[in-house]
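To start, the structure itself, in structure tokens.
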Amino acid sequence: MNFAKRTNWKTGTNPLSEKLESLKAQGIEVLHLAESNPTQCGFSYLNNSILSPFQSAQNLEYHPDAHGIPEARLAVIHYYAEKGITLSPEQIFITANTSEAYSFVFKLLAEPGDQVLAPQPGYPLMDYLAGINDVELVRYGLNPDKNWQIDPSFYQDISDKTRALMLVNPGNPDGHYFAQAEKDLIREVCRKHPLAIISDEVFFDFQIDENSSAQSLAEENEVLTFTLSGISKILGLPQMKLSWIIVTGPDAERNEAIRRLEIIADTYLSASTPTQTALSGWMAQKENIQSEILKRIRSNHALIHRTLEGSAITPLKTAGGWTAVLKLPATMSDEEWAIHFLEKAHVFLHPGYLFDLIEEPYAVISLLTDPKALEDALKKMAALSN
């Protein structure tokens, strides 16, 4: 049987995962610093009130709409209105998840073999998403020495096959929000070539610094822009499977993109009616949900810097999101450090190379981790690194 080349992935285990499975088989407790699933992190917002919207009789009917049902889009409009951004219902497409949203936009913009510029570091998932959609990712750098700002030379990677510039705002795992000067540069480059913007803003609401300002690309009107978000992160409900695409930009390009996306979305119609009807009720709980998550990530961020102070491990600046990046001593590779921490301290974390952090040894840890487990793990790591 001949399978498609796009699915010819390397699926073997690596030494780190093999060691983790070995410890589990021995019944050894491991301090897990890579848990990014909020439903496994002991949050109290996950209670029966989340399920109550499913009792609506509306869930027994089916009224398919390529954009998503009106009630769901209205909830999204209210979400952005709180940020001072005005949207109309036709600019919104409800999807089952942001992976699907990416696929829709890739299908809209790119022929097989076309390119999309994507940040480095970035999501490990993106290479798979791009490959499945026959799109090539070309990485542009974010500078860790300048708080992960975009490298101004990123435009040098643009070719006649480049169709879009992908942003993650704030970045994952780096947590960088794009400042106005960066947005101005991006707008100038994308108008010149021209390119569409894909702005992934799933972590947008989770600012570590309460006084910092963040700007959504959902208000961008000079360049064709697709802003992606969803409740997996902003409401901590990945199991409910609901996300969206916001289409903005110059009128003619925006309207044509909407017309074409309607056909793509209508081909799938994958977002369920019960989840869409529940969205407004869940959004009413947004402040409670986000305040609990924000309290955890801000507390853990401070804990990381406090506990690692004076050690050989340096936590890098994180402006937002659910992850922290740690710079490790250059005496070993990041995978060797990860295996070392797992073997000697039973601490599991992600080596930086999984996120394309390849210049120096880094580790990436989740800010959702139980604070007591995080503190215990950090102390052990600090002792092993000195």
Side-chain angles (χ1 to χ4, degrees), residues 7-42 99 120-129 131 139 144 171-175 238 296-297 300-301 303-305 307-316 318 321-386:
T7 63
N8 189 25
W9 301 301
K10 295 180 180 179
T11 56
T13 58
N14 58 47
L16 180 61
S17 60
E18 289 175 355
K19 184 62 181 178
L20 178 62
E21 291 306 315
S22 173
L23 292 176
K24 288 181 178 179
Q26 297 173 56
I28 296 174
E29 183 178 359
V30 174
L31 296 172
H32 202 305
L33 302 192
E35 182 59 78
S36 59
N37 179 355
T39 70
Q40 302 300 309
C41 294
S99 294
Q120 182 179 356
Y123 292 117
L125 177 66
M126 287 311 303
D127 290 301
Y128 292 96
L129 276 175
R139 298 289 184 176
N172 186 67
D174 53 273
R296 172 80 61 87
I297 65 175
N300 280 346
H301 178 262
L303 174 64
I304 290 168
H305 283 260
T307 305
L308 294 178
E309 185 176 5
S311 77
I313 303 174
T314 304
L316 302 189
T318 302
W322 289 1
T323 55
V325 178
L326 310 179
K327 187 175 181 180
L328 304 172
T331 53
M332 289 192 284
S333 70
D334 52 10
E335 184 174 52
E336 288 171 335
W337 272 116
I339 293 172
H340 185 62
F341 291 140
L342 188 56
E343 289 179 335
K344 302 299 182 182
H346 300 155
V347 171
F348 177 76
L349 47 72
H350 281 148
Y353 78 84
L354 293 176
F355 297 82
D356 285 323
L357 283 161
I358 56 177
E359 298 299 327
E360 298 182 75
Y362 293 98
V364 177
I365 63 176
S366 171
L367 292 171
L368 300 182
T369 307
D370 174 79
K372 180 62 171 64
L374 177 61
E375 184 174 17
D376 290 347
L378 290 172
K379 288 179 178 178
K380 293 178 179 179
M381 290 167 59
L384 287 171
S385 65
N386 290 332

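Counting from 1, the numbers follow the sequence of the chain as shown.
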_Run His305 and Thr318 through side chain to side chain contact (heavy atoms under 4.5 Å, CB included) and show every step you take._
CA-CA 11 Å; His305 283 260; Thr318 302; 5.8 Å; no
Yes or no on side chain to side chain contact (heavy atoms under 4.5 Å, CB included) for Met332 and Ile339, after CA distance, side-chain angles and deciding distance? CA-CA 11 Å; Met332 289 192 284; Ile339 293 172; over 6 Å; no
How long is the gap from [atom1] on [X] to [atom2] on [Y], to the nearest 0.5 Å?
X	Y	atom1	atom2	answer
Thr369	Arg296	OG1	CZ	8.0 Å
Leu303	Leu308	CG	CG	8.5 Å
Ser366	Leu349	OG	CG	11.5 Å
Ser99	Met126	OG	CE	8.0 Å
Phe355	Thr323	CZ	OG1	6.5 Å
Leu328	Glu336	CG	CD	11.5 Å

Return each pair, listed once, that meets side-chain hydrogen bond (donor to acceptor under 3.5 Å, both in side chains) where at least one residue sits in residues 339-355; pairs must be two or more places apart or across chains.
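Every side-chain hydrogen bond (donor to acceptor under 3.5 Å, both in side chains) pair that includes a residue of residues 339-355, provided the two are not neighbours, is Glu335-Tyr353.
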Practice prompt. Could you tell me whether a side-chain N or O of Trp337 sits under 3.5 Å from a main-chain N or O of Pro329, the two making a donor and an acceptor?
Written response: yes
Quiz item: Is it true that a side-chain atom of Asn386 and a backbone atom of Ala312 form a donor plus acceptor pair closer than 3.5 Å?
Solution: yes
Please identify each residue that fulfils salt bridge (charged side-chain N to carboxylate O under 4.0 Å, His left out) with Lys372, with sequence neighbours left out.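 Result, salt bridge (charged side-chain N to carboxylate O under 4.0 Å, His left out) vs Lys372: Asp376.
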[X] to [Y] - nearest heavy-atom pair and separation:
X	Y	answer
Gly321	Ile297	O-CD1, 3.5 Å
Gly352	Val364	CA-CG2, 4.4 Å
Ser36	Leu368	O-CD1, 3.7 Å
Pro173	Val325	O-CG2, 3.6 Å

Return the set of residues passing side-chain contact (heavy atoms from CB on, under 4.5 Å) with [X] (not counting sequence neighbours), or none when no residue passes.
X	answer
Gln26	Ser22, Leu23, Ile28
Asn8	none
Glu35	His32, Asn37, Gln40, Cys41
Glu18	Thr13

| said: Walk me through whether Ile365 and Asn300 qualify under side chain to side chain contact (heavy atoms under 4.5 Å, CB included). | reply: CA-CA 11 Å; Ile365 63 176; Asn300 280 346; over 6 Å; no
message = Is the shortest side-chain heavy-atom distance between Leu367 and Ile304 below 4.5 Å?
response = yes
From the list Leu326, Leu357, Leu354, side chain to side chain contact (heavy atoms under 4.5 Å, CB included) with Tyr362 holds only for Leu357
request  = Check the pair Trp322 / Asn172 against side chain to side chain contact (heavy atoms under 4.5 Å, CB included), numbers first and verdict last.
outcome  = CA-CA 8 Å; Trp322 289 1; Asn172 186 67; over 6 Å; no
